[in-house]
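Quick caveat: nothing in here was measured; it's all calculated off a predicted structure. By convention here, the first residue in the shown sequence is residue 1.
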Amino acid sequence: MPTVRDDSMEIDNVKSTESIESRKETESAEKSEKSIEPLPLWRNHDFLLLMGGQAVSLLGSQVSLLAFPLLMLAITHSPAQAGLMGALRGLPFALFCLPAGALVDRWNRKRVMILCDAGRALALGSIPIALVLGHLTLVQLYLVSLVEGTLFVFFNLADAASLPHVVAKKQLPDATAQSYVAESVSGLIGPALSGILYGLSTMLPFLTDAVSYAASVFSLFFIRTEFQGERTAPQQRLWKEIGEGLSWLWHEPLVRFIAILTGGITFPVVGYALILIVIAQGQHASTFTIGLIFASGGVGSVIGALITGPLQRRFSFAQMLIGATWIWALTWLFFAIAPNPLILGIVTALSFIVVPVYTVTQYSYRIAMIPDALQGRVNSVFRLIAFGTQPLGLALTGVLLQAIGPIPTVLVLFIPQFILCIAVSVNPHVRHAKPIGELK
């Protein structure tokens with residue numbers, strides 16, 4: 001018996017030793033994995049393909065964005081008809097945002113993006129064909145606008161969920177900033193290019209946009225990374241899956257607050273273009289000068305996108321979000337004191353610098369927080385809260401301009417921004433937010 005007991009103890013000791021060594025090996029492997037640095041973004045093949053395809057697609061979208069109302073006005077001579085077509089493009093966001101988020105979490109996201117851009121290429125490509133054949137109708141233009149807007153909703157939600165799979169979590173701020181640079185540059189170049197192409201031939205802007213969507217499809221085919229993790233949970237009814245997204249956001253106080261903050265600071269400024277035009281016209285600015293004032297906003301946006309990455313490496317998330325919100329609100333006040341078109345252009349550029357800084361800061365942080373299986377649903381809820389009130393903001397701006405004039409309108413619309421600046425400064429979830437690299 002003693003021998004048996006001794007053998008048993010010896011076996012237990014061996015097992016214990018093996019267990020300790022196994023744990024050490026596991027811990028060592030985990031540390032080794034954590035210590036492995038991800039590839040720099042400029043060497044990340046999949047990231048370059050994703051951003052390159054989207055840069056071309058964004059430029060094409062900006063080209064057709066101006067050409068659509070130009071074509072509608074040429075055909076109908078009716079601003080109301082042109083406005084209706086723009087509304088049709090935005091309608092799918094309100095109708096399909098929540099179910100699209102749930103479906104994007106169910107489906108293969110890369111396949112969704114490929115099918116959406118292929119569909120948009122066909123829709124936009126139908127316009128040049130109809131122009132050549134001489135059979136372009138208003139019904140076709142309305143349908144193209146509706147299809148393009150619907151596919152944008154699905155593509156955009158799938159695209160937002162794809163980035164955390166293409167780059168490391170700690171690279172999300174830089175990757176998001178580079179994406180915003182591409183968007184800002186396209187917003188600066190696209191409208192001018194659209195005017196040139198439209199002047200050469202009515203069909204060229206739409207053909208350009210169709211080709212840009214085809215380029216996006218081509219780039220997506222060569223991306224090796226999958227855009228979602230393995231789906232193990234059984235599918236439920238669609239409304240229950242939408243409810244899971246709503247529930248996650250509601251029970252995550254930081255993301256919930258960011259959604260309310262984003263909606264609250266964009267709601268008062270969404271009608272900035274109308275305010276700028278009224279102020280500039282009051283200063284006897286020509287149409288060309290007003291165009292330059294708007295172009296200065298594009299310059300500011302590019303600068304903001306370029307400096308966001310370095311700023312995020314230097315400052316914490318709380319410092320970035322609080323600082324960007326205050327600068328956002330305070331630069332808005334400058335519109336009330338700009339004495340001439342030159343200063344108005346400078347103020348516009350300054351005010352637009354902070355837009356990508358705020359947007360990239362909150363966007364990169366929230367997509368790092370949201371679990372992969374819920375990315376589509378939570379982002380759809382977030383965007384509905386943050387941007388769903390924009391039509392109301394536009395209407396309010398118009399009423400205020402009519403009733404009290406541009407300068408008092410700027411001052412009135414500063415009030416909710418100022419309140420939110422105080423709210424973000426004292427919010428404990430913002431102040432104690434972890435660094436993005438430490439998020440699980």
Side-chain angles (χ1 to χ4, degrees), residues 52-96 112-156 159 182-221 273 277 287-288 290-291 294-295 298:
Q54 291 315 295
V56 175
S57 177
L58 284 167
L59 181 60
S61 296
Q62 287 293 329
V63 168
S64 68
L65 193 64
L66 179 59
F68 259 118
L70 288 175
L71 181 58
M72 284 294 290
L73 288 171
I75 294 173
T76 66
H77 305 288
S78 169
Q81 293 272 27
L84 177 59
M85 188 187 64
L88 278 175
R89 189 185 184 279
L91 182 63
F93 180 85
L95 294 178
F96 305 134
V112 168
M113 293 170 70
I114 289 171
L115 291 174
C116 285
D117 268 2
R120 292 198 282 182
L122 292 172
L124 269 295
S126 71
I127 295 176
I129 294 172
L131 284 169
V132 170
L133 297 176
H135 293 298
L136 184 66
T137 64
L138 288 178
V139 172
Q140 181 181 347
L141 289 175
Y142 285 136
L143 285 175
V144 168
S145 187
L146 190 61
V147 168
E148 209 276 338
T150 302
L151 295 178
F152 167 80
V153 174
F154 284 86
F155 181 94
N156 194 250
D159 182 39
E183 186 174 340
S184 300
V185 171
S186 68
L188 184 62
I189 299 173
L193 181 59
S194 178
I196 294 170
L197 293 173
Y198 191 87
L200 294 172
S201 174
T202 305
M203 72 174 69
L204 282 179
F206 305 102
L207 182 61
T208 300
D209 197 11
V211 171
S212 77
Y213 285 133
S216 173
V217 171
F218 183 78
S219 69
L220 288 166
F221 270 118
I277 291 170
T287 304
F288 176 73
I290 293 173
F294 277 91

Output the distance between atom CD1 (Ile129) and atom CE (Met203), rounded to the nearest 0.5 Å. 10.0 Å

Could you report the tightest heavy-atom contact between Ala215 and Val56, atom names first, then the distance? CB-CG1, 3.9 Å

Taking side chain as C-beta onward, heavy atoms only, is Leu220 less than 4.5 Å from Ser216? yes

Would a distance-only check, ignoring hydrogens and angles, find a side-chain to backbone donor-acceptor pair under 3.5 Å from Thr150 to Leu146? yes

Distance from Glu148 atom CD to Phe155 atom CZ, nearest 0.5 Å? 11.0 Å

Any residue meeting side chain to side chain donor-acceptor pair (under 3.5 Å) with Gln62, in chain and number order, not counting sequence neighbours: none

Minimum heavy-atom distance between Ser64 and Asp209, given as atom pair plus value: OG-OD2, 2.6 Å

Side-chain touch Leu124/Phe68, heavy atoms, less than 4.5 angstrom: yes

Return the CD to CG distance between Gln54 and Asp159, rounded to the nearest 0.5 Å. 5.0 Å

What's the separation between atom CG in Leu197 and atom OG1 in Thr208, rounded to the nearest 0.5 Å? 4.5 Å

Which atom names give the shortest non-hydrogen contact between Leu58 and Ala182, and what distance separates them? CD1-C, 4.4 Å

Any chance you could measure Leu115, atom CG, to Phe154, atom CZ, to the nearest 0.5 Å? 11.5 Å

Between Ala67 and Ser194 the two heavy atoms that sit nearest each other are N-OG, 3.6 Å

I'd like to check the side-chain contact (heavy atoms from CB on, under 4.5 Å) partners of Ala130; sequence neighbours left out, ordered by chain and number. Leu136, Gln140

Please tell me if the side chains of Leu122 and Tyr213 come closer than 4.5 Å, counting only heavy atoms from C-beta onward. no

If you take all heavy atoms of Ile75 and Leu138, which pair is closest and at what distance? CG2-CD2, 4.1 Å

Close side-chain approach of Val217 to Asp117, heavy-atom, < 4.5 Å: yes

Give the C-alpha distance, both sets of side-chain angles, the deciding distance and a yes or no for side chain to side chain contact (heavy atoms under 4.5 Å, CB included) between Phe206 and Leu71. CA-CA 10 Å; Phe206 305 102; Leu71 181 58; 3.7 Å; yes

Hey, is the main chain of Glu183 close enough, under 3.5 Å, to the side chain of Ser186 for a donor-acceptor pair? yes

Check Ala123 against Val144 and note the closest heavy-atom contact, atom names and distance. O-CG2, 3.5 Å

